[in-house]
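Below is one structure, written out as structure tokens; the observations come after it.
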Amino acid sequence: MEILSSLNPKQLEAVKQTEGPLLVLAGAGSGKTRVITVRVAYLIAEKGIAPYNILAVTFTNKAAAEMRERINELLKGQKLPSAPLISTFHSLCVRILRQDIVELGEGYTQSFTIYDTDDSLKVIKASLKDSGLDPKMFPPRQILYAISNSKNKGEDYEMFASKVDYNDEKRAAFARVYKLYVERLRNANALDFDDLMIKTVSLLRKSPEVREKYNDRYKYILIDEYQDTNPLQFALVKYLTEKQQNICVVGDDAQSIYGFRQADIRNILDFEDHFPKAKTVLLEQNYRSTQTILDVADAVIANNIGRKEKKLWTDNPAGQNITYYQAFDGDQEAKFTASKIYDHQRMNSKEKIAILYRTNAQSRVFEEALRKMRIGYNIVGGFSFYERAEVRDIIAYLKLTLNPFDDIALLRVINKPARGLGKKTLDELALRSKNLGVTLWETIATITDEKYEGQLALTPRAKKSLLLFKGILEGLQKLLGDSSKSEKPVSDLVIAAIENTGYSLMLKSENSEEAETRLGNLEELVNAAVDYDQQEKNGLRDFIDHAALSSDTDKYDRNAPVTLMTVHSAKGLEFPVVFLVGLEDGIFPHARSINDPKELEEERRLAYVAITRAEKTLYVTHSTRRRVYGEEMAAEPSQFLNEMPLDLIEDVSRGNSWLSFAKSAGARENRYTAKALRGENKKAKARSTYSGETYNTPDAINAFFNKKKGEASGKPRKDSPAPKEKSGFEKLKEFAAKEKPSQAEPPAGKFLPGAHVRHAKYGKGLVLRREGSGDNTKLTVSFPGFGQKKLIEKFAKLENA
DNA sequence: AAGTAAATTTTTTTT
DNA sequence: AAATTTACTT
């Protein structure tokens, strides 16, 4: 078979081992996707498996689309009776639930609505209001996060509540809100993202018939990025493979970066225990990157303790050293990046370039710099098309048409455009709905009924408006009802939701530039619907599901010359040239992960993912000052920079940089280290993991940075004399030395923004803001786990940490 | 009721 | 710095 000729022996083994459980441990760039796609093609073309018996599951739509494309490529020219299902976990669940959710017996119907995070947050807020709890004391985001965590562990509300400590007021409040939240979703016939997984798993657990049905349907199952599966996803996999066991999972424990979503690395590490007859294939040859890039990645990941040893190797040439740049501030960093990109494009306009950062918020400056230099770019993440307010409004109308019990959608559009239904009317409506125990939609139907005439606190105007709204929605429903019979295009319904509701009239009469843009966006939505009508024909519901599950990461366009995105969204992709920016303590690794060794290891895996995206050229940059919440703060180089072999890094910074200093201070030792990394010198390798003495003393670095700061700003920062700030490396060293507490009591008045401090009650924290002077000096300090606290410096008894 | 100004909060990462 | 929420006019 022709398609097999492109594979190496290991890859071939993974493709041909079609029966029974198979674990493919695939290092970065080892042709993981190739194995999956060829395997699917092989099953169809060689083994004669019907395509609809094959299921491949990914985490993102982007990965699914890519896979679909490549499989089609492999099978082009062949007429297939059906297509294999290439789906994300979530859309697979939607597919199953849309068919069989009634079997679950929880009262949900096939018309269930999907709530996104924003919708969920609104439900939390409403539930807080219902229970009379103060959102200031119990932040809705935190509650939502807690609920999601609990759900992803496979818990339900009762389990969460039963684990709450009697004295823990906060958790107790969370539990109360949790309960209301679940009830509200249930009443609205709505499922949140996590519910999609949960309800599917419960359904399979509950009904042997349904289980059997899907076991028979999907005879061959493949799971991509298996290291990122959480307990729920594992349960789903278990149920789906109960009968046939033809399961192939592919992943790399070194690239597990979704612990925050309860992904459990043990799923991949213990695969052989979960599926006793499993075979394992290791893919260790890297086809993507130069030896140098692999060495850098290896040196960083070697600092993780909890990891499976894997020896990634490549036939590729050593390639050029990676490039390092230290910028004065974020703007300079962006400017440097843009001008380097300009140079690259002049030399080779075909090479695709990526700028990778830790958080979406970092994208701004880079966008500006690129725009200034007229460099075309594509940005992944941030705002997705479906997240724009006007698009969401129209979607809300459509969701409401499909499921009028969706209170969140109803509240979103009941007064858009303005129909004179303000706070007062809505409060009345909410109250009635609560008393009657029915949804808002049903409440409207009830209280606008003739027989309640006179006994309601509703002005005739409000009543008229409610009737108007009701009429509009019924109009849409009627249109939809007709369409299910006559196959009316989705685009017609979208247009109706824009026109018949008065929405477009509202925008047109606004006569502003902004309104024009919005109308343009709605036009795009209509176009999307037209496209949809041409490609698929599964009706409005499927179109809306699509919108709900399509996320910002789906905007990746492989043809864009320059792509900006987070490291998370870059997973699975590769680029000839990569800029890894913002390598600073507190950003990458992120401040919220720095105190927990486990989370720090995940950050390091993330850094590993970032580095291994690069094929030939890798730039690593950081800046000495960084804006956080609009305030300039001192920034220190990331510890991950410290973990890279210094002699593989070329410094192109202007003037003295952290790197030039580090190199000269520890030149001899570091050459030793880097050489050892390539070879087998175990003793030297151990030194490359941070043991405290790699090349420097903290005081020297401190002196260096204080000097830098002075030079840079022309004068010392805000309050002089200069503070006794400790460097990130010093913190690191302390960490390595098992957190030896610092004894030096600093003189009062020395805590500047950016300083790391220790508080008797809250532990380690980061000073964010400093106000006032003398005895009245107030500090805003961020304590992980406790949030931001305002402290009077004089009484806070802070220590340097 | 609706629009505007002021105050307050926000950033991890994603389906 | 930007976005969201609240307070204040009209």
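Only a predicted model underlies this, so the values are computations on that prediction, with no experimental measurement involved. Keep in mind that the numbers below use all heavy atoms, side chains included, and drop hydrogens, waters and symmetry copies.
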Separation of [N] [atom2] from [X] [atom1] (nearest whole Å):
X: A/Glu631; N: C/dA2; atom1: CD; atom2: P; answer: 15 Å
X: A/Asp194; N: B/dT14; atom1: CG; atom2: C1'; answer: 11 Å
X: A/Gln142; N: B/dT9; atom1: CD; atom2: C1'; answer: 14 Å
X: A/Tyr145; N: B/dT10; atom1: OH; atom2: C1'; answer: 17 Å

Looking only at side-chain N and O atoms, does [X] come under 4.0 Å of OP1 or OP2 in [N]?
X: A/Arg364; N: C/dA2; value: yes
X: A/Lys62; N: B/dT15; value: no
X: A/Asn152; N: B/dT15; value: no

What does [X] touch in the nucleic acid at a heavy-atom separation under 4.0 angstrom: a base, only the sugar-phosphate, or nothing?
X: A/Arg605; result: nothing
X: A/Ser91; result: nothing
X: A/Asp116; result: nothing
X: A/Ala418; result: sugar-phosphate

(Q) Within the 3.5 Å criterion, strictly below it, is a donor on A/Asn149 or A/Gln262 matched to an acceptor on the partner's side chain? (A) yes
**Q.** Over 12 non-hydrogen atoms of neighbours within 6.0 angstrom of NZ in A/Lys372
**A.** no
(Q) Using the salt bridge (Lys or Arg N to Asp or Glu O under 4.0 Å) criterion, which residues pair with A/Glu333? Sequence neighbours excluded. (A) A/Arg626
**Q.** Residue met sooner reading DNA chain B from 5', once A/Arg419 and A/Pro139 are mapped to nucleotides
**A.** A/Arg419
(Q) For A/Ser593 and A/Phe89, find the nucleotide of DNA chain B closest to each by heavy atoms; which residue's nucleotide sits nearer the 5' end? (A) A/Ser593
Q | C1' atoms of B/dT12 and C/dT5, separation to the nearest Å | A | 23 Å
Q.
For the aromatic rings, using the six-membered ring if either is Trp, is the centroid distance between A/Phe588 and A/His622 under 6.0 Å?
A. no
Q: Ignoring the backbone of A/Phe260, work out which of B/dT13, B/dT15, C/dA1 is nearest its side chain.
A: B/dT13
Q. Is a donor-acceptor contact shorter than 3.5 angstrom present between the side chain of A/Arg592 and the base of B/dT11?
A. no
